[in-house]
Amino acid sequence: MLEGTTAEIRERKALRVNPAKTCQPIGAMYASLGIHKCMPHSHGSQGCCAYHRSHLTRHHKEPIVATTSSFTEGASVFGGLANLKTALENIFTIYEPDIVSVHTTCLSEVIGDDIPTIVKKSEEAGIIPEGKMVIHANTPSFVGSHVTGFSVQCAAFVNYLAESNGAKKNVINIFPGWVEPADMRELKRIAELLGVEYILAPDTSDVLDSALDGEYKMYPDGGTTVSQLKAMGDSLATLALGPMASALAAEKLTKKCKVDHSILELPIGISATDAFVNALRIAGDVTVPRELEKERGRLVDMVSDMSQYLHRKKVAIFGDPDHLTPMIKFLVEVGMQPAVVVTGTKGKKWAQNIREICSEANPEVEVVPFSDIHYLHQWIKANPVDLLMGNTYGKYVAKSENLPFVRFGFPILDRVGHRAFPLLGYAGGLRLIEKITDAFFDKRDREDPDHEIELVL
Amino acid sequence: MSDETAQNDFPMGDGPSAAETREKMLEVYPKKTQRKRGKQMLVNETPETPAAIGANSRTVPGIITQRGCSYAGCKGVVIGPIYDILHITHGPIGCGWYSWLSRRNMTKIRHPEETNYLQYSMSTDMQEDHIVFGGEKQLEQAIQEAYDEFKPKAISVYATCPVGLIGDDIHAVCRKMKEKLGINIFGFSCEGYKGVSQSAGHHIANNGVFKHMIGLDDTPVEAKYKLNVLGEYNIGGDAWEIDRILRLCGIHIIGTLSGGVSYDEICNCHNADLNVVMCHRSINYMAEMMEQKFGIPWFKVNFIGIEGTKKSLRKIAKYFGDKELIDRVEEVIAMEMVDVRPVIADVTTRTKGKKAALFVGGSRAHHYQDLFSDMGMKTIAAGYEFAHRDDYEGRDVLPSIKIDADSRNIEELDVKADPERFNLRKTQERKVALEESGFDFSDYEGMMRQMAKDTLVIDDISHHELEKLIELHKPDVIGSGIKDKYVIEKMGVPCKQLHSYDYGGPYAGFKGAINFFKEIDRMISSKVWKLTRAPWKDDSDSQSTAAKEPVAVS
């Protein structure tokens, strides 16, 4: 397994090996799927759209519907105007969405297609039916990562749709960041427990975790509606979860419609969930119900019960910046020791922040943005760790180094739990403790000599 | 009534006819789209003389298509599976990431000191400044770093969309680094916008493999019957099952292009006396070029399905012409059928007469009809994702296929006989004698000849057409790919992924067929489809739908 990987780390300036990120357009596609009756459209070669749909399908095990401009060599030379116009005509006629969300690719960016101009021409040509609309986000693959693609798309929702009618409503906007449908559902459950009226955008629950009931709906029941997106401009406040995925949209909304915003970490673990609950409590002027406090208490109880197995365990972890920050906070909270932290996305300030979070638990923590899984693997060969956390691609490292492995982040292609159970909130914390301790215990039960097998743990 | 008559009387089952189905599929489209899609959808009225289908033509923008791109066909399909070449994608990160282990080309390293590079995704991760100032330096540096770190025997470079547009000369960089590092380094200009589907990438890949690998190693291969299996990618271990069977027969495979194959095997595979072709679409170019340069004849085989496997083995034996081999092949078939027969007898009781539809690939939509037919199932509709007319209508239409602008841009290599190594494996007389006895060389009859009259043939099926097909005909099983799978299953129809095999397999050969029969049996017998509706949905009297009172414990 990964035979070519050695502990000898050479400086690499040009070669990415086993990336810990992918490209912007898939993030735009995922965000657009969280809008009700929205058709995500990839303006570029059809391979981009095929790859994004395939990978999102493998992760969610759900239909991922999206269209493409299907560029050929001719379109690449003469521009994609004709292709996009034809595409819009077909999409509105055949698939009847309320809104088409166009994102660009490296191809259409390099040739410089101007999407608003093409959309305007399509409007003039009568291709866009009355009451329907086309929005766009620029997501060249050579800038940022899948996370920034998600962020840019969320900002596009605000740019195109949010309106302010002057009268503020007692509603809180929540930008959830790139999390699972199950996590979005959990955010809504928490807000409902608190009695806060909210608009969650985007919202992939009930879109990418729809029921199997014998009927196929191209646009399932879920997703933020266009009218909700418009109404965001009249909300009292915005909570932007995950600075990389959500801050841009929240800032745009503040600027455009004067809706105050707070940027928070994703509510993973105890303190980050506390911060989210508290922010909701203050923004909505509500009291935290006893039920949620009990949930929190159950998580603290489990952390206490399992503490002996977590204490000072060294963790190698990779993923997206927004996921990593609160996850590392949680690891530190429960007594674990982050040893090496890698993300594929650029982020010097982010790295500094992670070092600060780890300053007590492990002042020597290795934090590397704009890096890859190969680097992480080489590092742990020279500095052994107790646990690996990251997306499915980590399983090759885990097998090669015989490490307990907890899957988290995007994508998870080989397990099913992320589809149904949140990692966010106190409930998600419980699940995380279960997953981490299970990973340790399963290894022990499998490998310990007979005379050391414990019945009770 | 014989089964064949039954199929002819009801080619589409109980639903509307193929012609009506086709009309209903086209109804919703805008006029221009209707015209274009109409050409790609045919009723198979004259299977013996198939009508001309629109294939290998541009995808209609805005249509939800199954198709991918040239890069996916080149790196993803044909070259990607060669495990001991270090593969570098030159471009932004996405293309390299999506094609990383997502196709199930299984492989085993031959020696413990080797590295299986398929576990690695390597890319130049192009950033904005590379787009502005050019990416050649980045590529050169990446090749150097890859060499320093891994010391591979060969490096292959793949261009993505922006690379072609900004004009990076990947071939010049590869030549320079080949000279500097002393290992084989070559590039593929397989930018995603080339051609109309993955198919352009296959052709580009064939050209590159032929130019940069084939014929590099003349070491003789000591085997009585030696051949290459072309167009077999070892999804789920198919190539290993084919290898197992051929070994039992005493036939040696030099190279399987390109599933589970090594760089050295490809460099040496021109020593074979025969090329047999599995996936005609992706590799017929290679078969042709190897025949032109080295004189190696080729013919089409199909190891998918019991009848197909038997026929293919017998044809190979007949080609070599030794009685010893012909007899051995019969022994192997008889031996293998001992395990196959009871499984067929069992599953057929549940599968006979059931309806299948297949929309996949450039050969699988044809090959898998054999497996369904082995189980007594009917294929009511089928189509390829990226095939050409010859894959539908047979190679005899090749001279009449017009070369359009999209195909013209894909290089056709000018291949001449190698003066020293050209060697006619069969004398002209022997070849003619074989042909006279009904033996076809360089053959492929295409999918439509095999399909029943008045079934539906749909090229590059769209999401809408697939939905309509299910709505009107509710097939018992559909073979397709990952992007359609859950659409189909939401409608209550099981879908077998025939790109990835849903992480099962192998399905080739005898053991593979047994796996497939059992899998299809599982899928169509699964109880989950009966659970899709809650009982109270169909019955207002909730008491009557309640389960019987549980049995008392004691």
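Remember, predicted model here, so these are calculated numbers, not experimental data. Residue numbers begin at 1 in each chain, while the letters A, B, ... track the order of the sequences.
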Does a donor on one side chain and an acceptor on the other come within less than 3.5 Å for [X] and [Y]?
X        : Y         : result
Thr22(A) : Tyr98(B)  : yes
Asn18(A) : Ser121(B) : no
Thr5(A)  : Tyr120(B) : yes
Gln66(B) : Gln46(A)  : no

Between Ser102(B) and Arg58(A), which heavy-atom pair has the shortest distance, and what is it?
->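 In terms of heavy atoms, the two residues are closest at CB-NH1, 3.7 Å.
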Based on non-hydrogen pairs under 4.5 Å, which of Leu165(B), Val28(B), Ile64(B) is most in contact with chain A?
->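 Heavy-atom pairs under 4.5 Å are most numerous for Ile64(B).
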Less than 4.5 Å apart, any side-chain heavy atom of Gln138(B) and any of Lys13(A)?
-> no
Structural part of Ile131(B) lying under 4.5 Å from a heavy atom of chain A =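 Side chain only.
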Cut-off 4.5 Å, heavy atoms of chain A, and the answer for Leu101(B) is side chain
Which bit of [X] is near chain B, if near means a heavy-atom gap under 4.5 Å: side chain, backbone, both or neither?
X         : result
Ala211(A) : backbone
Leu88(A)  : neither
Tyr51(A)  : both

Between Tyr393(A) and Trp97(B), ring centroids under 6.0 Å = yes
Taking NZ, NE, NH1 and NH2 as the nitrogens, is one of them in Lys32(B) or Glu89(A) under 4.0 Å from a carboxylate oxygen of the other?
-> no
